[in-house]
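Throughout, residue positions are numbered sequentially from 1 according to the sequence presented.
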Amino acid sequence: MTTAQPLDVQPTPLALLLLGRQADPRSERGVECPGDLPAPSDPDLVARARAAKAALGERVFVLGHHYQRDEVIEFADVTGDSFKLARDAAARPDAEYIVFCGVHFMAESADILTGDNQQVILPDLAAGCSMADMATAEQVAECWDVLTEAGVAGVTVPVSYMNSSADIKAFTGRHGGTICTSSNAKRALDWAFEQGEKVLFLPDQHLGRNTAVREMGMSLDDCVVYNPHKPGGGLTAEELRAAKMILWRGHCSVHGRFSLDSVNEVRERVPGVNVLVHPECKHEVVAAADHVGSTEHIIKTLEAAPAGSKWAIGTELNLVRRLANRFASEDKEIVFLDRTVCFCSTMNRIDLPHLVWSLESLAAGKVVNRIQVDKETEAYAKLALERMLALP
């Protein structure tokens, strides 16, 4: 039996800023709450959270994404990835309030999938997603015009990652496409290529490329990257006609930081280590890893791993640290793939003070930070989500 080992990472000033332990008023937005937000050092926060949650009883259902801080996960009724949590919310129709401890697009998905009698709350409206923000409705509409001018829109099927805004999901639904998660991306792409000749994959280029090349036998030359900040996406009509996968130039700011050097360094540092990474990582990182899979796959792989095995995990640090502590008693050594702290900055916006504020407000009869998708957007986004749910 062993005790939990430190992950051998040091928080940088930027990481401390992102965790709310330092401040930069020039860059922060949406961090003020009307009313009194409890101070992070308040020793009564845990007791206040318990009291407010108890007062709400069955009226509230708290969802906690795997990347949340431990102090928040403690109060989650269920934990999981974004789609699992949205489905869990839909499975609790009697819960009046869904408090989603995650980021904005996740709360939108929960609102789309839950009933009209339910209200979805995001404790901090600044908890967005940099990847989702890399594809706006206007940019994607312009991209579709470019595909139309190139004569390929009619044979192109949009496939959008769950990590996208409701507007992008609605665009996908309007144009005959489907949504995917990191665990069913191949099934979604198989379906899409039965409907058309090409796929426009939004907004994470790495998941699209890794799925196409690793799991579907395509080549890197079959993939082109559409850059919304360049005229025509930076692509010629000939390049669009030749491509099978038209990848949006988006990425995850957490997973995108891992490099081939990270993999090589951890193999030297931890002899016999198994490298396990998320498919949002760059293609060269995925190609050099021993195992690749979604967040849920990472957890299940570690659950099934033999005692004494060693693992370097390429995903968000809150989850890696939690897994390292969880499996230390089973003599499984789990380290972070990179020595530099890699928190999801927007996910970490949801902290205990914001959670307490939202729960106490609801208990007092005041609905705060409600996330509500308009009916037209909801209808088309739900259509795309239902196509995903119908995948074989």
*asked:* Checking Asp94 against Gln118 for the side chain to side chain contact (heavy atoms under 4.5 Å, CB included) test, could you report, in this order, the C-alpha distance in whole Å, the side-chain angles of both residues, the deciding distance, and whether it holds?
replied: CA-CA 8 Å; Asp94 295 332; Gln118 296 177 286; over 6 Å; no

_Presence of salt bridge, Glu296 and Lys300, under 4.0 angstrom_ = no

*So which heavy atom on Ser160 is nearest to which on Ile168, and how close?*
OG-CG2, 3.6 Å

_Between Asp81 and Thr295, is there a side-chain donor-acceptor contact under 3.5 Å, judged purely by atom types and distance?_
no

*For residues Gln68 and Asn318, report the shortest heavy-atom separation together with the two atoms involved.*
O-CB, 3.7 Å

*side chain to side chain contact (heavy atoms under 4.5 Å, CB included) between Thr156 and Glu197, intermediate numbers included*: CA-CA 6 Å; Thr156 301; Glu197 299 174 10; over 6 Å; no

*Please round to the nearest 0.5 Å and tell me the distance separating atom CG of Leu122 and atom CD1 of Ile371.*
5.0 Å

*Taking it one step at a time, do Tyr161 and Phe105 satisfy ring-ring contact (aromatic ring centres under 6.0 Å, His included)?*
CA-CA 11 Å; Tyr161 192 19; Phe105 79 81; 8.0 Å; no

*Give the minimum heavy-atom separation between Glu333 and Val270, together with the two atoms involved.*
OE2-CG1, 4.1 Å

_Glu71 and side-chain contact (heavy atoms from CB on, under 4.5 Å): which single residue from Ile350, Leu355, Leu352 fits?_
Leu352

*For Arg87, does the CZ atom sit with more than 12 other heavy atoms under 6.0 Å from it, leaving out its own atoms?*
no

_Met245 and Val224: CA distance, side-chain angles, deciding distance, side chain to side chain contact (heavy atoms under 4.5 Å, CB included) verdict_ = CA-CA 6 Å; Met245 291 285 292; Val224 296; over 6 Å; no

_For the backbone of Ala127 and the side chain of Thr346, can you confirm whether one donor and one acceptor N or O come within less than 3.5 Å of each other?_
no

*No-hydrogen, no-angle side-chain donor-acceptor test under 3.5 Å, Ser82 and His65*: no

*To the nearest 0.5 Å, tell me how far Glu280 CD sits from Ser182 OG.*
6.5 Å

*Ion pair Glu74/Arg50, N-O distance below 4.0 Å*: yes

*Kindly give the heavy-atom pair with the smallest separation between Ile121 and Arg370, and that separation in Å.*
CD1-CA, 4.0 Å

*side-chain contact (heavy atoms from CB on, under 4.5 Å) with Ile313: which of Val277, Ile334, Val335, Leu337?*
Ile334

*Nearest 0.5 Å please: distance from the CG atom of Asp351 over to the CG atom of Asp124.*
7.0 Å

*Val373 and Met106: same hydrophobic cluster, using ILVMFWY side-chain contacts below 4.5 Å?*
no

*Is Val146 reachable from Val140 through a run of I, L, V, M, F, W or Y residues, each pair having side-chain heavy atoms under 4.5 Å apart?*
yes

*asked:* Can you tell me how far apart CZ (Phe343) and CZ (Arg321) are? Round to the nearest 0.5 Å.
replied: 4.5 Å

*Indicate yes or no for a side-chain donor-acceptor contact from Lys382 to the backbone of Thr377 under 3.5 Å, with no hydrogens or angles considered.*
no

_Taking the side chain as everything from C-beta on, heavy atoms only, tell me whether Tyr67 gets closer than 4.5 Å to Val103._
no

*For Ser358 and His354, does a side-chain donor sit closer than 3.5 Å to a side-chain acceptor?*
no

*Closest heavy-atom pair and its distance - Val285, Ser259*: CG2-C, 3.5 Å

*For Ala166, does its backbone N or O pair with a side-chain atom of Glu108 as donor and acceptor, under 3.5 Å?*
yes

*Verify, without hydrogens or angle tests, whether Asn369 (side chain) and Pro123 (backbone) share a donor-acceptor contact under 3.5 angstrom.*
yes

_Test: Asp204 and Arg249 ion pair at under 4.0 Å_ = no

*Expected output: side-chain Arg241 to main-chain Ala150 donor-acceptor under 3.5 Å*: yes

*Determine whether more than 12 heavy atoms belonging to other residues, nucleotides or ligands lie under 6.0 Å from atom NZ of Lys310.*
yes

*So, the side chain of Lys169 versus the backbone of Ser164: is there a donor-acceptor pair under 3.5 Å, distance only?*
yes

*At what distance, to the nearest 0.5 angstrom, does CD of Glu316 lie from OG of Ser253?*
10.0 Å

*What's the spacing between Cys180 SG and Leu189 CG if we round to 0.5 Å?*
6.5 Å

_Strictly distance-based, threshold 3.5 Å: is any side-chain N or O of Asp290 a donor or acceptor partner for the main-chain N or O of Val275?_
yes

*Expected output: side-chain Arg214 to main-chain Ala287 donor-acceptor under 3.5 Å*: no

*Output yes when a side-chain donor or acceptor of Asp77 lies under 3.5 Å from a complementary backbone atom of Val62, and no otherwise.*
yes

*Should Glu330 and Lys332 count as an ion pair when the cut-off is N to O under 4.0 Å?*
yes

*Angle class for the Phe336/Phe258 ring planes (parallel below 30°, perpendicular above 60°, tilted otherwise)?*
perpendicular

*Taking it one step at a time, do Tyr226 and Leu247 satisfy side chain to side chain contact (heavy atoms under 4.5 Å, CB included)?*
CA-CA 6 Å; Tyr226 182 95; Leu247 307 170; over 6 Å; no

*Please check if atom CZ in Arg174 has more than 12 non-hydrogen atoms from other residues, nucleotides or ligands closer than 6.0 Å.*
yes

*Under the side chain to side chain donor-acceptor pair (under 3.5 Å) rule, what do Thr148 and Asp145 come out as? Steps first, then yes or no, please.*
CA-CA 5 Å; Thr148 301; Asp145 289 341; 5.0 Å; no

_If hydrophobic clusters are built by linking Ile, Leu, Val, Met, Phe, Trp and Tyr wherever their side-chain heavy atoms come under 4.5 Å apart, do Ile246 and Ile179 end up in the same one?_
no

*Just wondering, are more than 12 heavy atoms of other shown residues or ligands nearer than 6.0 Å to CZ in Phe75?*
yes

*Exam field: side chain Arg349 to backbone Gly128, donor-acceptor pair closer than 3.5 Å*: no

_Would you say Tyr380 and Thr172 are linked by a side-chain donor-acceptor pair, where the criterion is simply a distance under 3.5 Å?_
no

*When you look at Asn348 and Ser345, which way does the side chain to side chain donor-acceptor pair (under 3.5 Å) test go after all the steps?*
CA-CA 5 Å; Asn348 272 279; Ser345 60; over 6 Å; no

*Will you find, in the side chains of Thr181 and Asn184, an N or O donor that is under 3.5 Å from an N or O acceptor?*
yes

*In terms of hydrophobic clustering (I, L, V, M, F, W, Y; side-chain heavy atoms under 4.5 Å; direct or indirect links), are Val155 and Trp248 co-clustered?*
yes

*asked:* Name the residue from Arg48, Lys366, Lys53 that meets the salt bridge (Lys or Arg N to Asp or Glu O under 4.0 Å) definition with Glu360.
replied: Arg48

_Any salt bridge linking Asp88 with Arg92? Criterion: basic side-chain nitrogen under 4.0 Å from a carboxylate oxygen._
no

*So, Ser183 and Ser294: side-chain donor and acceptor under 3.5 Å apart, yes or no?*
no

*Are Val157 and Leu202 linked, directly or through other ILVMFWY residues, by side chains that come within less than 4.5 angstrom of each other?*
no

*Excluding sequence neighbours, so at least two apart, what forms ring-ring contact (aromatic ring centres under 6.0 Å, His included) with His175?*
Trp144, Phe171

